[in-house]
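Notes for the one structure printed next.
As the structure is a prediction and not an experimental result, all values here were calculated from the model.
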Amino acid sequence: VQLMESGGGSVQSGGSLRLSCVASGDTLSKSCMGWFRRSPGKEREWVAGLSIDGKTDYADSVRGRFTISQDNAKNTLYLQMISLKPDDTARYYCAADPYSGGMCDFVYDTADDFGHWGQGTQVTVSS
């Protein structure tokens, strides 16, 4: 499994970005997929998750502003982010758990359940 993120950048507060994560092979069709983020001095934070049945869930801090989706034909996972805030500044990572039967457990899954990670893409939001 290989994952490669892109789409990060610097925006002003209130702006938007769309992150992409290209996955190898049939990763998206058999994996629970997630977006995580980490900023200096803070622990890695789960942001959003997507099961192969289309169910999604979001961290409370981003709910209503971020949308996770995927395009299986393009082998690409997305994270659309709107109304960005300075607190959203972080390095964003996509991650895959191909051993879950494609179903995320939004209550109990942790970062340790995701065995495959991309290199991350930096998002910086200025006030």
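- A ring-centre distance under 6.0 Å is found for Trp117 and Phe36.
- Between His116 and Leu3, the shortest heavy-atom distance links the atoms O-CD1, 3.4 Å.
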**Request:** Could you walk me through whether Val123 and Thr89 pass side-chain contact (heavy atoms from CB on, under 4.5 Å), step by step?
**Result:** CA-CA 5 Å; Val123 172; Thr89 295; 5.9 Å; no

Using atom types as modelled, flag every donor-acceptor pair under 3.5 Å from a side chain in residues 22-30 to any protein atom, sequence neighbours excluded.
unit_1 : atom_1 : unit_2 : atom_2 : d
Ser24  : OG     : Gln2   : N      : 2.8
Thr27  : OG1    : Ser24  : O      : 2.6
Ser29  : OG     : Asp26  : O      : 2.8

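- Inspection of the Glu45 and Ser61 side chains reveals an N or O donor paired with an N or O acceptor under 3.5 Å.
- Across all non-hydrogen atoms, the minimal contact from Gln119 to Tyr93 is O-CE2, 3.4 Å.
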Show me, pair by pair, the donor-acceptor contacts under 3.5 angstrom made by side chains of residues 75-84, not counting sequence neighbours?
unit_1 : atom_1 : unit_2 : atom_2 : d
Thr76  : OG1    : Lys74  : O      : 2.7

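- Under the side chain to side chain contact (heavy atoms under 4.5 Å, CB included) criterion, Met103 pairs with Ser51, Ile52, Asp53, sequence neighbours left out.
- Remark: Glu43 engages no residue in a side chain to side chain contact (heavy atoms under 4.5 Å, CB included) (not counting sequence neighbours).
- Applying the 4.5 Å side-chain rule to ILVMFWY residues, one finds Tyr108 in the same cluster as Val107.
- Of the inter-residue distances, the one linking Ser127 atom OG with Lys85 atom NZ reads 13.5 Å to the nearest 0.5 angstrom.
- For the salt bridge (charged side-chain N to carboxylate O under 4.0 Å, His left out) condition, no pair includes a residue of residues 106-124, sequence neighbours left out.
- The side chain to side chain contact (heavy atoms under 4.5 Å, CB included) check on Ser6 picks up Ser20, with sequence neighbours excluded.
- Trp35 contributes no side-chain N or O that, together with a main-chain N or O of Arg37, makes up a donor-acceptor pair within less than 3.5 Å.
- Hydrophobic clustering (ILVMFWY, side-chain heavy atoms < 4.5 Å, transitive): Val11 and Val62 are in one cluster.
- Under a cut-off of 6.0 angstrom, the local environment of CD in Gln12 is sparse, with at most 12 non-hydrogen atoms contributed by other residues, nucleotides or ligands.
- For Ser10, the side chain to side chain contact (heavy atoms under 4.5 Å, CB included) partners at least two apart in sequence or on another chain are Thr124.
- With sequence neighbours left out, the salt bridge (charged side-chain N to carboxylate O under 4.0 Å, His left out) criterion links Arg44 to no other residue.
- With sequence neighbours left out, Asp97 forms a salt bridge (charged side-chain N to carboxylate O under 4.0 Å, His left out) with no residue at all.
- Phe106 approaches Cys104 most closely through the heavy-atom pair CE2-CB, 3.5 Å.
- The list of salt bridge (charged side-chain N to carboxylate O under 4.0 Å, His left out) pairs with a residue in residues 4-16, not counting sequence neighbours, is empty.
- Nearest heavy-atom pair across Gly49 and Ile68 is O-CG2, 3.6 Å.
- With contacts defined as side-chain heavy-atom distances shorter than 4.5 Å, the pair Ser126/Pro86 does not qualify.
- A pairwise comparison of heavy atoms in Tyr58 and Thr67 identifies OH-CA, 3.3 Å as the closest pair.
- Separation of atoms CG (Leu19) and CZ (Phe66) is listed at 8.0 Å; rounding is to 0.5 Å.
- Summarising the geometry, atom OG belonging to Ser69 is positioned 7.0 Å from atom CZ belonging to Arg18; distances are rounded to the nearest 0.5 Å.
- Residue pairs satisfying the salt bridge (charged side-chain N to carboxylate O under 4.0 Å, His left out) criterion with at least one member in residues 60-69, sequence neighbours excluded, are listed as follows: Asp57-Arg63, Asp60-Arg63, Arg65-Asp88.
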**Message:** Quick one, Gln70 with Met33, criterion side-chain contact (heavy atoms from CB on, under 4.5 Å). Give me CA distance, side-chain angles, the key distance, then yes/no.
**Reply:** CA-CA 9 Å; Gln70 68 185 43; Met33 298 299 298; 4.2 Å; yes

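- From Ser100, atom OG reaches atom CZ of Phe114 across 7.5 Å, with rounding to the nearest 0.5 Å.
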